[in-house]
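Below you'll find the structure, written out as structure tokens, and then a few comments.
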Amino acid sequence: MIKKLYLPLVALLVLALSSCGKMGELSADYFTTNPEVLEAVGGKVPVTITGKFPEKYFKKNAIVEVTPVLRWNGGEAKGQSATFQGEKVEGNDQTISYKAGGTYTMKASFDYVPEMAKSELYLDFKIKRGKKEYTIPSVKIADGVIATSELPTVGSANAAYAADAFQRIIKQAQQANIMFLIQQANLRASELKSDSLKAFNKKVVEVAGDTKNYKLNNIEISAYASPDGGVELNTGLAEKRQDNTETYLNKELKKGKIETQVDTKYTAQDWEGFQELVSKSNIQDKDLILRVLSMYQDPEQRETEIKNISSVYKTLADEILPQLRRARLTANYDVIGRSDEEINEAFDTDAKVLSVEELLYAATLTNDNARKEAIYKKTVELYPSDCRAYNNLGMMAYAAGDKAAAENYFKQALSKNASSAEANTNMGLCELVKGNVANAETYLSKSTGANTANEALGNLYIKQGQYDRAVNAFGDTKTNSAALAQILAKDYNKAKNTLNAVKNPDAYTDYLMAIVGARTNNADLVKSSMAKVAQKDATLAAKAQDDREFAKYANEIK
């Protein structure tokens, strides 16, 4: 009898002990991560973790909190925890079967810091059963963080240049009108003494007499008749006005010993001028008149329909039609500015005689950065309200690596013109250098029109993790950042071609080429590129020792 009772009691004791025992350590074999090696994207380190609780592991009355933790020497970052429950627990968390076990997926994202380059991803487990809580050993599930997207290539980006508007030859025109009485073509003395015609003749004499600063191209005569009256009458009238004006002009040119081409034409019925004057007027039934013009193309029918609008025809006859009885004289000439030699000489002797456009243009005539800087500083002194010289001084400081001075100049430029596309573009670059992506985006929203706006946007998109968009923004730009975008978008051939075409390659150019070598399993390219890095920047070469990009190339990066 005692023997019969013994076996069931032992079975119950074993069951009781197993249900009371702690849940043990989990093997790393039960976990995978995507990506396998963590990578910084847009300032974050995202990861998707797939885990498994094995069969007969998860106690029915247990609650397990799983927390991803990225640990490095001297610090750690915790991700969002996930909670799981056994079959006998009443709750809203994912239930895990004791017999079958269960799989789960959880996402985590960590704010990137440079120390994460040499780090390890763990899962911490906190278990609660009834009133008891305990932990089991953490499980390491991934190594390190690839931080290629965080390489500071924006520091060698091309800042936007604020261009001058200098034109050596500027086309100008001087005009005058000679007015005629209705159905007359004679030139009245009052018209020949008008201020408009006096100014015209004076300008023609000035331009023709100063061949150094001007070039008289031609003089045009355009004679007109108003639309009232028949076509035949108006044709003869407009032609006579043209001939009489030409005779007058030729006499004046001969008197001044001026030789130039005179081009003449006449318009019998100036419907175009009529429509323009009506549209700009406030006369009654203006819209009705304009509608008649659009409805009828025949000149006689137009005139008849307009005369039928009796309420306004007298106004038209008094105010509009007289303005169309005219001959217009137009002197077309070029204003010839200083030559390059004259601009340089003027800057050296007396810069005050130069316009702001000439000064800004002068800076483009030299490759000597010291002279270029001196020109921009003189421009700031003489034209302190113009933002462009401030911006270009900032551009030079940015290229020289003095980002603090560059930012100061760009801020001064914006204080003169807050909407300057160039200064906003360049402030965006400065904010990207400092890691202030949101501020950079605000500035770059005002970059439209700047010559390097797309390049700056490409750098912004890299920081935001939008790699394909960055590649499109860079286009054919040959810079470190353009190559970085192509690497991150996994277009390694294009990245290699871009790096080979960088105008002034630096240590980061070679470092990126080494990454291309590592990602395409080209050990020789890794080795040769890292040798160049070591020659140019020993600190950057040392960084490669902890860079997961080169995990398989320890010998090549020594």
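Hydrogens, waters and symmetry mates play no part in the numbers below; they use all other heavy atoms, side chains included.
Note that OH of Tyr122 is 15.5 Å distant from OG1 of Thr67, once rounded to the nearest 0.5 Å. Here CD1 of Ile515 is found 4.5 Å from CD of Glu549. Values are rounded to the nearest 0.5 Å. Interatomic distance, CD of Glu115 versus CG of Leu70, reported as 11.0 Å (0.5 Å rounding).
Looking at Asn424 and Ser447, their side chains never bring a donor and an acceptor atom within 3.5 Å of each other. With no hydrogens or angles considered, a side-chain donor-acceptor pair links Asp340 and Tyr361 at under 3.5 Å. Side chains of Glu455 and Thr477: a donor-acceptor N/O pair is absent below 3.5 angstrom, by distance only. With hydrogens and angles left out, the side-chain atoms of Asn417 and Ser419 include a donor and acceptor closer than 3.5 Å. Side-chain contact of Ser481 with Asn459: a donor-acceptor pair under 3.5 Å is present, judged by distance alone. Residues Asp93 and Thr83 bring no donor and acceptor atom of their side chains to less than 3.5 Å of each other.
A cation-pi contact, defined as under 6.0 Å to the ring centre and within 45° of the axis, links Lys403 to Tyr398. Relative to the six-membered ring of Phe31, Lys52 misses at least one condition, a distance below 6.0 Å or an angle of at most 45° to the axis.
A distance below 6.0 Å separates the ring centres of Tyr511 and Phe550. Side-chain rings of Phe84 and Phe53 approach one another, their centers coming within less than 6.0 Å.
Arg388 places a side-chain N or O within 3.5 Å of a backbone atom of Ala163 that can act as its donor or acceptor partner. Checked by atom type and distance alone, the side chain of Thr452 pairs as donor or acceptor with a backbone atom of Asn158 at under 3.5 Å.
Ion pair Asp468/Lys490 not flagged as a salt bridge, since none of the NZ, NE, NH1 or NH2 atoms sits closer than 4.0 Å to an Asp/Glu carboxylate oxygen.
For residues 495-511, every residue pair satisfying the salt bridge (Lys or Arg N to Asp or Glu O under 4.0 Å) rule, not counting sequence neighbours, is listed here: Asp510-Lys536.
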